[in-house]
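This report concerns only the one structure given below.
Sequence positions, counted from 1, serve as the residue numbers for this chain. Please read all numbers here as calculations on a predicted model, not as lab measurements.
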Amino acid sequence: MQDHDTVDEVSPVPLGVASFPRRNGSTVIPLVDGRPTFARLDELMSNATSSIWITVSFLDAERWRSPRGEPFFGMLGRHADRGVDVRVLIWRLEFDNPVLHKPQSTFFRPVPGVALPKNVKIRWDSSGPDHRHCHHEKTWVVDGDTDEPVVVEGGIVLNCGSIATPGHPLAEVIAGHDVHDVDVEIRGIAAGDVSTHFVQRWNAAHRHSEDGGHWPSLAAASSLAEPPRPRVCGSDSVQVLRTLRPGSATAGETSILAAYRAAITQARHTIYIEQQHIAHVELLELLEQACDRGVRVLYVVPSNPCVLTAYLPQWAALGVEAVLGGEYAGRAAASAMSSVAALLRWVLPSAPATTLSGEPLSMPSPDCDEAFLSTVPRLCRHPNFALAGLVSGGHPIYVHSKLMIVDDAYLVVGSANLVDLSLRADHTELAVAAWGSSARQLRDELYCEHADCQAIPHEHTENAVASLDWLTQRSVSNAMHLAAGEPTDGLLVELRGRLYGNVLFLVNTFFMEWRSRGAADRPLDPKAKLRE
């Protein structure tokens, strides 16, 4: 068996598909979970000498606090007060989104009661008439207008759930800090490419010149010049990847999807994935082909398959019981398809949902339906594939990270979910692919966290297959401990993969119908609904 140092490299995405080539001369440092990441960002911003540029997708401006206890805009105002050029590019959605269920006036535009500092420059980047579109990127660029930029990018969101400590202590999880996520810090040549990307997006922000599209004034939130060429910093080889719709700074780009395709196709021994979603049929089929070649795959997802816990807590609880084992698991497995049919009959006669402007509202992607009902259950039957989630003291942890490690030698991490909207030229996403030591460094940190702070056994550290098999076996034994009501040995727990997709479909379909009827106050009885 070849170890991770001798496998062939994953090919970079060619120019033309990607805007930026693979470049040497960078450093990539993993940042696991929100609390240490926000602390590192506080340190980096405090050391900024010229500029701080941030792209925001989701922001809980009223409740999120920095490590110093400051609200988001108060933190930025403090840095702007000392002469730093602080700019924020914020997603602006023109219509109510039925999944996010956030009032547009308090989520994608200035928040009433939240003061915006006069010296912080803001542009809102509109999605236009597409209610499903999302500027989903989450990026921080420090001193991007100098030759020594520092970037932090990944999936971590500015909300309370993301303020989580590695290891996910039970008290934190119960208090709502229950999100597992990953960013990376980047220095050197690749950080310069991300700086260029920010400038392109800032200058091309859709409808920013209209009323409500800028702050404090259009003249203050002026366009940016191309950043200088950065200095070499480190020996990592990195490629900056994007998903961009046509008109969003380029003619459109899907290099993140191309990178995932290439990496899965060229994997020789192991693929480790952490993802909020498991819904891209093409990539799931490529994973199945990799398993057929003998590649071991471990896919870590939210142990609660209902992403809508805040709206449907009873359904969320039922989903956890189903995939982790419990009173309703057998019944759910036996009646999944008949329940789907019953729910569809219930959904179809209902009045069509609309946006705030009265436009028809689409139901979930057919690609997701195929993944949930067919591809995921089939893949989970493969002996080389394992599906797992994170659990702390019996409480589910929401996996929000978006990363893949191939053969312990290649890493891709960013904001893109493995679902069609994030990977085709629609959403706005950013990711980096890295060749070199950062892949193994992140592997070691994640495996250690998920195995109750126990390091990979020395005899396995140099072998990608042995280390992944060790972690996978931990998840299997933890599932047995959980079913027996015993403490688990770490966070990682094997899930009932064949049922996971069906539960996702049931919950999401019911939720879309429930929201389309404006039934926010309707009493919910998910167990009764499942019995149908």
Side-chain angles (χ1 to χ4, degrees), residues 15-16 18-21 48 50-57 59 76 79-80 84-94 108-110 116-130 133-153 186 189-230 240-256 414-416 425-432:
L15 281 175
S19 297
F20 303 103
S50 182
S51 61
I52 298 171
W53 302 338
I54 305 170
T55 55
V56 171
S57 55
L59 168 62
L76 298 184
H79 293 298
V84 174
D85 177 49
V86 179
R87 297 175 186 247
V88 188
L89 185 62
I90 303 177
W91 174 33
R92 173 174 168 176
L93 184 64
E94 304 295 335
F108 306 106
R109 295 179 184 173
L116 296 178
K118 292 290 187 181
N119 49 6
V120 171
K121 302 157 189 174
I122 304 174
R123 285 188 177 184
W124 278 266
D125 196 355
S126 172
S127 288
D130 186 353
H133 176 262
C134 174
H135 290 301
H136 194 244
E137 173 192 347
K138 305 136 178 82
T139 308
W140 306 66
V141 182
V142 175
D143 291 337
D145 56 345
T146 75
D147 61 0
E148 294 184 300
V150 184
V151 166
V152 173
E153 72 85 28
I186 308 164
I189 302 301
D193 287 342
V194 177
S195 301
T196 298
H197 163 75
F198 180 90
V199 169
Q200 290 175 350
R201 278 207 57 206
W202 175 269
N203 291 347
H206 185 46
R207 299 184 64 180
H208 76 272
S209 61
E210 301 177 7
D211 289 344
H214 50 265
W215 177 268
S217 67
L218 188 58
S222 57
S223 294
L224 288 164
E226 183 177 349
R229 181 176 178 82
V240 174
L241 308 165
R242 308 192 288 189
T243 299
L244 289 174
R245 58 167 39 182
S248 295
T250 71
E253 183 172 337
T254 57
S255 58
I256 299 176
S415 65
D426 187 24
H427 277 31
T428 303
E429 309 280 6
L430 187 76
V432 295

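Minimum interatomic distance between G144 and P227 (heavy atoms only, all atoms of both residues): O-CB, 3.3 Å. Residues W91 and W124 share a closest heavy-atom pair of O-CD1, 4.1 Å. Between V84 and A48 the shortest heavy-atom distance is CG2-O, 3.9 Å. Considering all non-hydrogen atoms of both residues, I122 and W202 come closest at C-CH2, 3.9 Å. For the residue pair S415 and E137, the shortest heavy atom distance occurs at OG-CA, 3.7 Å. The two residues S255 and R242 come nearest to each other via the heavy atoms OG-N, 2.8 Å.
Going from atom CG of D143 over to atom CD1 of I52 covers 8.0 Å, rounded to the nearest 0.5 Å. The CG atom of L241 sits 12.0 Å away from the CD atom of E429 when rounded to the nearest 0.5 Å. The line from CZ of R245 to OG1 of T243 is 12.0 Å long, rounded to the nearest 0.5 Å. With rounding to the nearest 0.5 Å, the separation of CG in D125 from CD1 in I90 is 10.5 Å.
Remark: W140 pairs with no residue by the ring pair (Phe, Tyr, Trp, His ring centres under 6.0 Å) rule, at least two apart or across chains. By the side chain to side chain contact (heavy atoms under 4.5 Å, CB included) test, A80 is found to be paired with V86, N119, V120, residues two or more places apart in sequence or in another chain being considered. Listed by chain and residue number, nothing satisfies the side chain to side chain donor-acceptor pair (under 3.5 Å) test with T196 (two or more places apart in sequence, or in another chain). Looking at residues two or more places apart in sequence or on another chain, you find no side chain to side chain donor-acceptor pair (under 3.5 Å) involving H206. Among residues two or more places apart in sequence or in another chain, the side chain to side chain donor-acceptor pair (under 3.5 Å) test is passed with N203 by none. Applying the salt bridge (Lys or Arg N to Asp or Glu O under 4.0 Å) test to E153 and every residue at least two apart in sequence or in another chain returns nothing. Residues satisfying the salt bridge (Lys or Arg N to Asp or Glu O under 4.0 Å) criterion with K121, sequence neighbours excluded, are D85. Residues satisfying the side chain to side chain contact (heavy atoms under 4.5 Å, CB included) test with L15, not counting sequence neighbours, are P21. Judged as a salt bridge (Lys or Arg N to Asp or Glu O under 4.0 Å), and not counting sequence neighbours, the contacts of D193 are R23. Residues forming a side chain to side chain donor-acceptor pair (under 3.5 Å) with S195 (at least two apart in sequence, or on another chain): none. H208 is linked by a side chain to side chain contact (heavy atoms under 4.5 Å, CB included) to R123, A205, L218, counting only residues two or more places apart in sequence or in another chain.
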Requested in this report: Run the numbers on T428 and T55 for side-chain contact (heavy atoms from CB on, under 4.5 Å), then give the verdict.
Outcome: CA-CA 11 Å; T428 303; T55 55; over 6 Å; no
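Applying the salt bridge (charged side-chain N to carboxylate O under 4.0 Å, His left out) definition to pairs two or more places apart or across chains, those involving residues 210-230 are R207-E210.
S222 is listed as a side-chain neighbour of R87, based on a closest heavy-atom distance under 4.5 Å. Taking the side chain as every heavy atom from C-beta outward, T139 and V151 approach each other to under 4.5 Å. L224 has its side chain within reach of W53: a pair of non-hydrogen atoms, C-beta onward, lies under 4.5 Å apart.
A donor-acceptor pair shorter than 3.5 Å cannot be found between the side chains of E148 and T146.
Looking only at distances, a side-chain donor or acceptor of K138 sits under 3.5 Å from a matching main-chain atom of H136.
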